[in-house]
Amino acid sequence: MKKILVFFIAVAMIACMFVGIGCKSTVAETTTATKSTGTETTAATEGTGTETTAAAESTAAGEPVTITYWSIWNEGEDLAKAIQQIADNYMAENPNVTVVIKWQGRDALTKLSAALKAGVEKPDIAQQGFQRLDTTLVQNDLALPLDKYMEEKAYGEDVPYKDIFLSGMFDYWKNIWPGGSIYSVPLYMYTTMWWYNQAELEKYGIAEAPKDWDTFLSNCETIKSQGGAPLILDMYPEYISYYVYWLTYQLAGRGELVMASLDPKGTGFDNPAFLTAAQKMQELVDKGYFVKGYEGYQFPAGQLDWTQGKGTFILNGSWLLTQTKKDLPEGFIPRGFPFPTVDGKGSLTDVEYYHSGFSILKDTKYPDVCADFIKYTTTEESQKIITGTGSEGPVRKGIATFKDVEDYFNSATTSHFFMDNLQGVNAEWYLKVFNPLNQQLITGDIKAEGYISEIKQQTIDFWAGK
Amino acid sequence: MGKFLNKFNRKESIFILIIPTVLIYFALFLYPIFSSLNYSFTDWSGFGSNINYIGLNNYKELLGDKTFWLSCKNTFIYMFFGGFFIFFLSFLFVFLLSNVRTLPRKIFRTIIVLPYMLSPVALANIWGYIYNPRFGLINSMLRLFRLDFLAQAWTSPKLIIWSLSIGIVWFQVGFYTVILLAASEKIPIDYYEVADLDGAGKFRKFFNITIPLITSELEVCLIFWAITAIRMFGFIFAFAIAGDPPTNTWTNAVYMYMLAFGKTTGIDRFGYASTVAVALVISTIVVVGLIRFLLRRKERYEY
């Protein structure tokens, strides 16, 4: 009897193992598949007569279609609510389509990597920053080229889809993506600017935001002389690197930092512009412009203290205003200005774009429907929903957002991608060499000359090991 | 089943019955380990099917990888600095709970163990606020008692690894206290009574009776802590609430994760990350072996 019992327990254990393997992945967060009920809209067909959406065309027989989209947002975040609203509106216009959004958080691509390896449930559409989509999906031939859809008409409009975007949106990426094809479409944009409270600046007697570095330093000195702390930040490696990157960008020019990071002999850092950039960074530290205790500011302590007026200027992504809007006290007038020119070099209209958007996975069953949904997210109405959350920048012309961001985008004579795509082109160097040295520079543990010497040597060592 | 097994002798029957366990062990433990070993010889990014075998190149790179050796150093800081205070406090709590009768033992034990039951991610967030230079608990208390000069930027690059170690000690100490306390409670009271007759004080009894007689359990705790330290990941990773954790806090496990998956920035070198994983396994074996060697005893105490 005992033997029979043991035998059945063993069988049950094996059965559990195979059932566990066969189950759908539980990697995803809770799904939020909702369909609008009741109200139907005619926005998709308004003024366009005989046009139908790709969703309708693809499923002319009324076949229901379900597409899955993995978002980098967590359920409940402002942008998550906005995206859900857009999805609901789309489903109302396309009743046979169900858009299942899985709120994966910032680890969306990590989870996608695991899902691809395990061969379990994976999405039709993935969302991330362009540099991550590129290094994970596009360069590994996992993303669908979207050129066909860019030539088609935009959703509910009579213009080619490619023409609705801000100018220069894809310029950088066409040089990176295989064959110059389009592999990702942006949903919203960020940029990096200096942020401040206009009311506070006026209190210090500073009438307008600085446009050049010397004026910026002069403003810092004015603030410090009146007992204020000119600069504040969170000691998050990326935020520290913004300082060094932007000083380098303005002084050395576009792409120089990336090229120097790729030089196995380190000679790129012999460019005197890098030393000048490091010296200017050191000057900020030596003159005590950073708020007291800044070395210990763990996110979000720095930006919270900025809202409380503990520091005047903060260099950050334009997501800052979305993140802090609930913390801004009454009378706080948030403003932003682009990174000043430095020693007469650089530009105020060479706009930095940080695209976050979509790629369609190559093996999706419904590429046309996925593309149709993506087009819908970039309609005017959808983009207004996105920009309504705070300071997210629109990806198409004519959509209002936070005024200083809008003015900056509208002023663009040229554009470049966030940090010249250093995080995509040379992520390992960025994490292992650039960030740690920048941290030492901003805390005063290393001086400018030592910084240049170290970054050159560590770059050589980095490549020597490859 | 009985009739089926009757065809086999005892040894053969045992073998048949352990097959399911072996299969599960193979699928869930051995296969992933060998799979990792296999990937460690490739340059696979973790995405796509482009996997190229590159021989021992990853291992050669690892030997010269300064970030890897920095992560080893950090791991040993957490292990030794953290371990010293974990076991010092554990023994202190064992002593107090064993000798101070007025202490409410159950409540005290619950309080000590409670942090261990919480999520490391939640704890990391809490400690982030405790260490806040302006309104954090530590600096606020120091200012309250007019000890402003002691207020620090606790998470500055110079201090962050020590600050993280303190947080780790705080949430790990309860687990080891409970084990060592349970071990000490197993010791027959006769030993203490004899010591009392000989005039031994509390400290003498603790060091000469309690500690020697719980050496077996201590060895298990040390091994467990060493493995925990080598695998330390969640608390450190979550402490950097947004974005990539600073490299001067990386353990081997964090470095492995950053190579394979990244956080804000993705290196996407799954093959090389597997190499670090193999190094982790080897270092675990070496450290555990060393602990067992150092704590080996010629005689065993039985009671």
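Because only heavy atoms are used, hydrogens play no part in the values below, and waters and symmetry mates are left out as well, while side chains stay in. Below, chain A is the first sequence line, B the second, and so on; all start at residue 1. Remember, it's a predicted structure, so these values are computed and weren't measured experimentally.
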Open item on the list: Tell me which of these, B:Phe270, B:Phe135, B:Trp250, has more heavy-atom pairs under 4.5 Å with chain A than the rest.
Closed with: B:Phe270
Open item on the list: Please evaluate residues A:Leu142 and A:Leu116 with respect to the criterion side chain to side chain contact (heavy atoms under 4.5 Å, CB included), reporting the C-alpha separation (whole Å), side-chain torsions for both, the decisive distance (0.1 Å), and the verdict.
Closed with: CA-CA 10 Å; A:Leu142 294 170; A:Leu116 290 171; 3.9 Å; yes
Open item on the list: Any non-hydrogen side-chain atom of B:Tyr25 less than 4.5 Å from a side-chain atom of B:Val22?
Closed with: no
Open item on the list: Please rank A:Gly129, A:Ser113, A:Pro436 by heavy-atom pairs under 4.5 Å with chain B and give me the top one.
Closed with: A:Ser113
Task: Residues of residues 423-431 of chain A within contact distance of chain B, non-hydrogen under 4.5 Å - done: A:Gln423, A:Ala427, A:Glu428, A:Tyr430, A:Leu431
Open item on the list: Is B:Thr265 in contact with chain A via its backbone, its side chain, both, or neither, using a 4.5 Å heavy-atom distance?
Closed with: both
Open item on the list: I'd like to check A:Ile240 versus A:Asn435 (side-chain heavy atoms, cut-off strictly below 4.5 Å). Are they in contact?
Closed with: no
Task: Whether A:Tyr242 and A:Tyr239 hold their rings parallel, tilted or perpendicular, with breakpoints at 30° and 60° - done: tilted
Open item on the list: Please rank B:Tyr129, B:Phe47, B:Phe261 by heavy-atom pairs under 4.5 Å with chain A and give me the top one.
Closed with: B:Phe47
- [ ] State, with a plain yes or no, whether a side-chain heavy atom of B:Glu61 is found less than 4.5 Å away from one of B:Phe68.
- [x] no
TODO: For A:Lys122, enumerate each residue passing the salt bridge (charged side-chain N to carboxylate O under 4.0 Å, His left out) test, keeping only those at least two apart in sequence or located in another chain.
DONE: A:Asp363
Task: Proximal to chain B - members of residues 457-466 of chain A, heavy-atom separation under 4.5 Å - done: A:Asp461, A:Gly465, A:Lys466
Open item on the list: How long is the straight-line distance from CG of B:Asn57 back to OG of B:Ser40, given to the nearest 0.5 Å?
Closed with: 11.5 Å
Task: Per-residue contact mode, B:Lys60 against chain A (heavy atom under 4.5 angstrom) - done: neither
TODO: Mind ranking A:Gln439, A:Gln128, A:Gln139, A:Arg132 by heavy-atom pairs under 4.5 Å with chain B and telling me who comes out on top?
DONE: A:Arg132
Open item on the list: Can you tell me which residue among A:Thr192, A:Asn438, A:Asp420, A:Leu422 is in a side-chain contact (heavy atoms from CB on, under 4.5 Å) with A:Tyr245?
Closed with: A:Asp420
Task: Min side-chain heavy-atom separation B:Ser71-B:Met256 under 4.5 Å - done: no
- [ ] Report yes if some heavy atom in the side chain of A:Val291 is under 4.5 Å from a heavy atom in the side chain of A:Tyr297; otherwise report no.
- [x] yes
Open item on the list: Determine whether a donor-acceptor pair (N or O, by modelled atom type, separation under 3.5 Å) exists between the side chain of B:Arg143 and the backbone of B:Arg134.
Closed with: yes
Task: chain B contact via A:Lys292 - side chain, backbone, both or neither, heavy atoms under 4.5 Å - done: neither
- [ ] Taking the six-membered ring for Trp and the single ring otherwise, decide whether the centroids of B:Phe235 and B:Tyr78 are under 6.0 Å apart.
- [x] no
TODO: Fit a plane to each ring of B:Trp162 and B:Phe81, take the angle between them on a 0 to 90° scale, and name the class: parallel (under 30°), tilted (30 to 60°) or perpendicular (over 60°).
DONE: perpendicular
Task: Shortest non-hydrogen contact from A:Asn74 toward A:Gln104 - done: OD1-C, 4.3 Å
- [ ] Apply ring pair (Phe, Tyr, Trp, His ring centres under 6.0 Å) to B:Tyr59 and B:Phe41, showing your working.
- [x] CA-CA 8 Å; B:Tyr59 290 93; B:Phe41 297 110; 5.5 Å; yes
Task: Segment of B:Trp44 engaging chain A (4.5 angstrom heavy-atom cut-off) - done: side chain
- [ ] Can you measure from CD1 (B:Ile230) to CD1 (B:Ile282) and round to the nearest 0.5 angstrom?
- [x] 11.5 Å
Open item on the list: I'd like to check B:Leu123 versus B:Trp170 (side-chain heavy atoms, cut-off strictly below 4.5 Å). Are they in contact?
Closed with: yes
Open item on the list: For B:Leu62, which atoms come within 4.5 Å of any heavy atom of chain A: side chain, backbone, both, or neither?
Closed with: neither
Open item on the list: If I measure from the heavy atoms of chain B, does A:Thr443 come under 4.5 Å with its side chain, its backbone, both, or neither?
Closed with: side chain
Open item on the list: Using a 4.5 Å heavy-atom cutoff, which residues in residues 299-306 of chain A come close to chain B?
Closed with: A:Phe299, A:Pro300, A:Ala301, A:Asp305
TODO: Under 4.5 Å heavy-atom distance to chain A, tell me which part of B:Asn132 shows up: side chain, backbone, both or neither.
DONE: side chain
Task: Working for side-chain hydrogen bond (donor to acceptor under 3.5 Å, both in side chains), residues B:Asn38 and B:Tyr53 - done: CA-CA 9 Å; B:Asn38 179 45; B:Tyr53 282 90; 2.8 Å; yes
Open item on the list: Need one label for B:Thr264: side chain, backbone, both or neither, based on atoms under 4.5 Å from any heavy atom in chain A.
Closed with: both
- [ ] Could you look at B:Ile160 and say if it's the side chain, the backbone, both or neither that has a heavy atom under 4.5 Å from chain A?
- [x] side chain
Open item on the list: For B:Tyr255, run the side-chain contact (heavy atoms from CB on, under 4.5 Å) check against B:Thr75, B:Asn74, B:Asp65 and tell me which one passes.
Closed with: B:Asp65
